[in-house]
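Quick note: numbers below take in every heavy atom, side chains included, and nothing from hydrogens, waters or symmetry partners. This one's a predicted model, so the numbers in the text were calculated from it and none came from an experiment. Read the numbers this way: they start at 1 and go in the same order the structure lists the ligands and their atoms.
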Amino acid sequence: MNSPNKTSPSISTTVNPSTVSDVAQESVLVLDFGGQTAQLIARRVREQNVFCQLVRHDLSAARIRELNPRGLILSGGPASVYEAGAPHPDPAIFELGIPILGICYGMNLACRSQGCDVQPGKSREFGRTPCHVESDNDLFRGVPKEFIVWMSHGDQVQNLTDRFVPIASTDDCPNAAVKHRTKPLFGLQFHPEVTHTQHGGTLLKNFVQNICGCRGTWHMSSFIEQQVAEMRQRVGNSRVICGLSGGVDSSVVAALLSRAIGSQLSCIFVDNGLMRDGEVESVRENFGKHFKTDLHVVDAQERFLSELAGVSEPQQKRKIIGRVFIEVFRKEAESIPDAHFLAQGTLYPDVIESGAAADGPAATIKAHHNVGGLPAELGFELIEPLRDLFKDEVRAMGLELGLPDDMIWRHPFPGPGLAVRCLGEVRPERLEKLRRVDTIVIDELRQAGLYRKIQQAFAVLLPVQSVGVMGDYRTYDDVVAIRAVQTEDFMTADWYPVPHDVLGKMSTRITNSVRGVNRVVYDISSTPPSTIEWE
Ligand code: XMP
């Protein structure tokens, strides 16, 4: 997504060349020029059963030849190709004979590398735009002559020379899609990866199948087999520690490792006393009984609760929980001999968030806060088998590995657990009250068939008492809030309109069965301005 007015970006994504895996015989690489939707391209290609990874924009042509991908996609990006310091690929990639698709900034780069002019257009094109297909070609096979595309650019390829032919246009952009006359080189000024572009999936499918010749044989099962083989080789005879949080990501990592190295895996689950009802049992059931891993459940409830006693300030609570978690985890890990590796459930969005500079050394990975942010001083080598995957792909992997549905679809739960939902001081009896309310909320959502439609739902115990009446008595009891949100990225979220009758059932069950709660309120705030959690 380029702009003629912006200065060159520092690109904040991608896999370092040394960590690119030679995952599949049939793969496509996306060279990342910093576009906001670059990661979506990789995912859309994987949806076509072709393995795809994002790599640094300046990966050398020699390394690309070694990796032997069937195709390359140059992503969009915020820079302008004619600016000083704008990111460029190794020019030799255009001579490799590997099919290339340039998207937006990537198209401008590809065309400019072949002698075309790229300049600011008469006006910026942004949003949904009608597009006309100009000629039959392999990229647009099965796409209607007129369809809507998503544009987000200021620059345009102005002069195609005699090397390219235009294959699609919009009112403001005569060269909305181009094809090289002799090389397998295509450019799209619009973004096929976003859902606003109609037939975008078909375009990418055409590229990987018709132009790159991929057969689409990649499946999650092949990825699992590849990861299993890689991990066995890397780990050798050592032992791997995996911190379990009860959530999806760490569970999938543990299940994968269990398949790869079986008895060489030790899982540590720290019971901090801040878990929801049934969570500790479910970890025991899945990892102790089902996968038969060497499971260490550390009962640290008293330790956490005594350190939290008297503390109300949210950040202070988080700090205490983080520190104690590391201390407890370290002590347990030290009791496990021969452990050299620590496995973490870092996902692709975490890699992006880590802001790994494309021209820096190896990508620095954000500590996975769901296991408390384990510091490098623990001295382990990291294993991160999910770092190329998106959340829904991790779920697919978990199902393939035999994890139960309810674990796979569990709503995310913050590392500090119920402590940040028990506003004010965290005391055992307050936690117990909250746990019981939370169980009712989730149970009613499940019964109403809403649990999977909502990405996160929970109860919050407020540090507020209100007056009520029960029988003939005045009460002065706690207030709980119910929160349910819909979100794609957990950075923005909308409050979910849970039907009144469902809210009514929750409220009645809560006030009838949880002693000390006489009022239930529903949170109708979106994120922003509110956050998802209350603390
Ligand atoms: P907020 O409240 O920031 O939450 O809108 C966004 C997402 O992050 C989760 N969250 C946390 N997860 N440690 C975590 O592991 C934390 O301290 C923490 N705070 C919030 C939250 O549940 C939501 O999914």
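The atoms of ligand 1 that sit less than 4.0 Å from any heavy atom of Thr531 are 1 (P), 2 (O), 5 (O). In the vicinity of Phe490, heavy-atom distances shorter than 4.0 Å reach the ligand 1 atoms 6 (C), 24 (O). Remark: ligand 1 atoms within the under-4.0 Å shell around heavy atoms of Gly415 are 12 (N), 13 (N), 14 (C), 15 (O). Taking every non-hydrogen atom of Pro416 and a distance limit under 4.0 Å, the qualifying atoms of ligand 1 come out as 13 (N), 16 (C), 17 (O).
The number of heavy-atom neighbours closer than 6.0 Å to CZ of Arg427, taken from other residues, nucleotides and ligands shown, is above 12.
The nearest pair of heavy atoms linking Pro463 to Arg430 is CA-NH2, 3.9 Å. Closest non-hydrogen pair, Trp534 versus Leu423, comes out as CE3-CD1, 3.5 Å. Residues Gly35 and Pro78 share a closest heavy-atom pair of N-CD, 4.3 Å. Closest non-hydrogen pair, Phe287 versus Ala254, comes out as CE2-CB, 3.5 Å.
Not a single N or O atom of Arg421, backbone or side chain, sits closer than 3.5 Å to an N or O atom of ligand 1. Looking at Pro412 next to ligand 1, no N or O pair under 3.5 Å apart turns up. Geometrically, ligand 1 and Glu533 share a nitrogen or oxygen pair separated by less than 3.5 Å.
Contacts between Met491 and ligand 1 below 4.0 angstrom, taking non-hydrogen atoms only, are absent altogether.
Across the listed options Ser245, Pro414, Pro528, Pro414 owns the non-hydrogen atom lying nearest to atom 11 (C) of ligand 1.
Taking the six-membered ring for Trp and the full ring otherwise, the centers of Tyr105 and Phe33 sit less than 6.0 Å from each other.
The closest side-chain heavy-atom distance from Leu256 to Met231 is below 4.5 Å.
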